[in-house]
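Take a look at the structure below.
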There are 2 protein chains.
Amino acid sequence: MATGRTHRPATRSRGIPEATVARLPLYLRALTALSERSVPTVSSEELATAAGVNSAKLRKDFSYLGSYGTRGVGYDVEYLVYQISRELGLTQDWPVAIVGIGNLGAALANYGGFASRGFRVAALIDADPAMAGTPVAGIAVQHTDDLDRIISDNGVSIGVITTPPGAAQQVCDRLVAAGVTSILNFAPTVLSVPEGVDVRKVDLSIELQILAFHEQRKAGEDAAAEDEGAPPMRATPAGRKGPDGDMPAVMPA
Amino acid sequence: MATGRTHRPATRSRGIPEATVARLPLYLRALTALSERSVPTVSSEELATAAGVNSAKLRKDFSYLGSYGTRGVGYDVEYLVYQISRELGLTQDWPVAIVGIGNLGAALANYGGFASRGFRVAALIDADPAMAGTPVAGIAVQHTDDLDRIISDNGVSIGVITTPPGAAQQVCDRLVAAGVTSILNFAPTVLSVPEGVDVRKVDLSIELQILAFHEQRKAGEDAAAEDEGAPPMRATPAGRKGPDGDMPAVMPA
DNA sequence: ATGCCTTTGTGAACGCGTGCACAAAGATAG
DNA sequence: CTATCTTTGTGCACGCGTTCACAAAGGCAT
Ligand SMILES: NC(=O)c1ccc[n+]([C@@H]2O[C@H](COP(=O)([O-])OP(=O)(O)OC[C@H]3O[C@@H](n4cnc5c(N)ncnc54)[C@H](O)[C@@H]3O)[C@@H](O)[C@H]2O)c1
Ligand SMILES: NC(=O)c1ccc[n+]([C@@H]2O[C@H](COP(=O)([O-])OP(=O)(O)OC[C@H]3O[C@@H](n4cnc5c(N)ncnc54)[C@H](O)[C@@H]3O)[C@@H](O)[C@H]2O)c1
C-alpha cells in the first residue's frame, strides 16, 4: 500500500475545482463578518475586495455552487453563508484528534478558532506516559497506546499530527489504520498514505524559505546588473556574516 | 497606497516559476537528509520519491537553476544542497521578528526548526505590558511601543504575525513602516500591503475546512445517488447532532 | 408599464503548471 | 577507442486556473 503510486486523476471533486474549494473558506470568513454587522446583501465586487481576490474569480467560483446571486443587487449574505457552509460540510460536527501535545500541539488545543466552524477537539494524544491524564485546554491527554480505541470511540475522521518529524509517518499509519481519512500534518515530513486519504501539510519552514527567496531577489534588484561571478555578499539585509562553512569543496563537471 | 491594485504582472521571478520556488525547500530537505547519511549522489527518480513529487517535475525544476546534474549518474548531493540554498537565499542570516507572543507565538519562538536554515528569532514583540521583559525561549519579550526601533536595530526584513486577527492589519502596517518587506501571517485576516511587500499566510482553519469538504465528499460517495432534495444528515461521520441554528430563514428567488 | 442602470453569470482567450517521451550526454566496461 | 547503458534536460501537448468582456437578468425610478 502507498508504494510509489502518485497517480490521482481518479475522482474529480464533483465539478468544483480544487482552487475554488480552497477559496470558499475565505469567502465564508468575509461573509461571516458581514453577517455579524447585519449587512443584508453584498456585491461580488465588495465581497471580492474583502476576501482579497478578483471579483470575476469570485463570481466564477460561486457559479460552480449554483446561481445564488440576484442581478443588479448582489448576494444575500445569510443565504450564501449557509450555502458555502453546507458545501464545505460545516453544517455538521467534525471531531478532531491532535497527536503530539508539545509546544505546537498544546497551542492548537488552546486555540479557540477551532470550534468556531464545526471543528471540535475530541482527543489529545501523546506518547509521553508522563503526560497521560494531564489536562491541556481542559481535555485530558491520552496515551498513544489507546490511539485506535480513541479514534473509533469518538468517530474521528480528521487527525492533526504535531509530533516530531521522526514519528510522523508512524503516527500517520496508525491514524489511518484506525479509520482517519484526512490528515493535517505540521511535521516537516512527506507522508505516504493509501489512496482515499487526504493529507494537507502546514510547513512554517517552507513558507519562510519562500519569503527569503523573494527577499533576496528584492535586495538583488537594487544593486542589479552583475549577476553571476561575484560572491553574493553585498546587499545583505542583516549585515551579519556571509556564507560560511556551507560552501562545498566538491564541484562536478 | 495598497488601495485596490491587485495587478502584479510586473517583475516575474527572474525565470524561476513560483511553483518551482515553492518546491525547492522540499528538495532541500530531502537532500539534507541524504547529506547527513553521507550519500554522495542521487538520481532524479530517488530524490523525487523522497520529496514526494514527480521525477520529471523535479528535473524541470532543477533545469531552471541550471544544469547541475551529470547524465548517467545523477546529482551531487552536497553541490545541489549548496546551489538550492544559495538560490533560496539561505546562505545568509535572516533575522526574524515575531509579533504577538501568545500561545502560537510562544510555540514558534520555542521551535528549534527556525534556526536550522538561516532563520534566527531576533525579537519577540507583544502589546501586553505585563509581558515586557519576560523571557520566552531565552529571549526577552519587548513592548510594541519600541517596534520601530527593534526592527531597525536588528535589520529585520521578515516579520511573523501571531496577534489576534483584529490587531493584525495594524501590526502589519507598523512592521512595513519600520522596513519589513516580507510577512508571514498566522492571523485569519486579509492583509493589505503596499507593492513590494510579500505576504504569505498560514491558516489552520482554512486547511481544516478544505479537509472537511473532501471528507464530506468521501462520505457522500458511499451513499451516492440522491443529491439535492433531502437534508444532508445521513452519513455523518461523527453521528452527533446535525446542523442547528445555522439554517437561515431567508430564501431569495 | 417602460426604460434605465446595476450586477450577475459565463463564453472565450490566455498563460501557467504538469507530465510524457525521447534525444543528447556522459559514464563505464571491454 | 568503441559500444552500451543509464540518466539528464527539454520540446511538446494537455488541462487547469485566471481574467476579460459582455449579454442577459432583474431591480428601481418615473
Ligand atoms: N513549534 C512550532 O512552532 C513548530 C513550527 C513548525 C513545525 N513544527 C513541527 O511540529 C512538530 C511539533 O513541534 P513542537 O515544537 O510542538 O515539538 P515538541 O517536541 O514540543 O512536541 C512533540 C510532542 O510529540 C510527542 N510525541 C513524540 N513522539 C510521539 C509519538 N510517536 N506519538 C505521539 N506523540 C509523540 C512528544 O511527547 C511531544 O509532546 C514538529 O514536527 C515540528 O517540526 C513546530
Ligand atoms: N493558537 C493556534 O493554534 C492558532 C491556530 C491558527 C491561527 N491562530 C491565530 O494566531 C493568532 C494568535 O493566536 P494565539 O492562540 O497565540 O492567541 P493569543 O491570544 O494566545 O496570543 C495573542 C498575543 O498577541 C498579543 N497582542 C494583541 N494585540 C497585539 C498588538 N497590537 N501588538 C502586539 N501584540 C499584540 C497579545 O498580548 C497576546 O499575547 C490569532 O490570530 C489566531 O487566530 C492561532
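Just so you know, these numbers use all the heavy atoms, side chains as well, and skip hydrogens, waters and symmetry mates. Order of the sequence lines sets the chain letters (A, B, ...), proteins ahead of strands, with each chain counted from 1. None of the values given here were measured: they were computed from a predicted structure.
Computed from coordinates, the B:Arg23 CZ to C:dT18 C1' distance equals 8 Å when rounded to whole Å. As rounded to whole Å, 13 Å separates atom C1' of D:dT19 from atom CD of A:Glu45. Rounded to an integer number of Å, the gap from A:Leu58 CG to C:dT8 P is 9 Å. Atom pair B:Glu18:CD and C:dG15:P shows a separation of 19 Å (rounding to whole Å applied). In this entry the distance linking CZ of A:Arg59 with P of D:dA23 reads 15 Å, nearest Å. Between the CG atom of A:Leu47 and the P atom of C:dT7 there is a distance of 14 Å, given to the nearest Å. For A:Asp76 and C:dT8, the CG to C1' distance is 15 Å, given to the nearest whole Å.
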When you look at B:Thr162 and B:Val99, which way does the side-chain contact (heavy atoms from CB on, under 4.5 Å) test go after all the steps? CA-CA 6 Å; B:Thr162 50; B:Val99 187; 5.9 Å; no
Check against ring pair (Phe, Tyr, Trp, His ring centres under 6.0 Å), B:Tyr79 and B:Tyr68:
CA-CA 8 Å; B:Tyr79 186 62; B:Tyr68 294 143; 5.5 Å; yes
Practice task
Mind running side-chain contact (heavy atoms from CB on, under 4.5 Å) on A:Val156 and A:Trp94 for me, showing each step along the way?
Solution key: CA-CA 7 Å; A:Val156 171; A:Trp94 294 102; over 6 Å; no
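At a cut-off of 3.5 Å, with distance as the only test, a side-chain donor of B:Arg117 or B:Thr32 sits close to an acceptor on the other residue. Counting only N and O atoms by type, the side chains of B:Glu78 and B:Tyr82 include no donor and acceptor under 3.5 Å apart.
Using a 4.0 Å heavy-atom distance criterion, B:Tyr75 is classed as a sugar-phosphate-only contact.
At a cut-off of 3.5 angstrom, counting only N and O atoms as typed in the model, there is a donor on one side and an acceptor on the other between the side-chain of B:Lys60 and the base of C:dG19.
Taking the side chain of B:Lys57 as heavy atoms from C-beta on, and the options C:dG17, C:dT18, C:dT8, the nearest nucleotide is C:dT18. Looking at the side chain of A:Ser43, the nearest of the listed nucleotides D:dT18, C:dT8, D:dT8 is C:dT8. With D:dT18, D:dG9, C:dC20 as the candidates, the nucleotide lying closest to the side chain of B:Ala56 is C:dC20. Between D:dT10, C:dG9, C:dT18, one nucleotide has an atom nearer to the side chain of B:Ser63 than all others, and that is D:dT10.
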Side-chain atoms of residues 52-63 of chain A: list all donor-acceptor pairs with protein atoms under 3.5 Å, sequence neighbours left out, distances to 0.1 Å.
from, atom 1, to, atom 2, distance (Å)
A:Asn54, OD1, A:Ala56, N, 2.7
A:Asn54, OD1, A:Lys57, N, 3.4
A:Ser55, OG, A:Glu45, OE1, 3.3
A:Arg59, NH1, A:Ser44, OG, 3.0
A:Asp61, OD1, A:Thr20, OG1, 2.6
A:Asp61, OD1, A:Arg23, NH2, 3.1
A:Asp61, OD2, A:Arg23, NE, 2.7
A:Asp61, OD2, A:Arg23, NH2, 3.4
A:Asp61, OD2, A:Tyr27, OH, 2.5
A:Ser63, OG, A:Lys60, O, 2.6

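Proximity of B:Ser44 to the phosphate of D:dT8: a side-chain N or O atom is located under 4.0 Å from OP1 or OP2. Of the side-chain N and O atoms in B:Asn54, one or more sit less than 4.0 angstrom from OP1 or OP2 of C:dC20. At the phosphate of C:dC16, neither OP1 nor OP2 sits under 4.0 Å from any side-chain N or O atom of B:Tyr64.
Considering all non-hydrogen atoms of both residues, A:Ala168 and A:Ile161 come closest at O-CD1, 3.9 Å.
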Between the protein and nucleotides 1-4 of chain D, which nitrogen or oxygen pairs come in under 3.5 angstrom?
none

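Looking at B:Ser43, its side chain does come within 3.5 Å of a backbone N or O of B:Glu46 through a donor-acceptor pair.
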Reading nucleotides 24-30 of chain C from 5' to 3' and marking B where a protein heavy atom lies under 4.0 Å of the base, S where only the sugar-phosphate is that close, and - otherwise, the string is BB-S---
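Ion pairing of A:Arg29 with B:Asp203 is present here, as a side-chain N (NZ or NE/NH1/NH2) and a carboxylate O approach within less than 4.0 Å.
Looking at A:Leu184, A:Ile183, A:Val199 one by one, the single match for side chain to side chain contact (heavy atoms under 4.5 Å, CB included) with B:Leu211 turns out to be A:Leu184.
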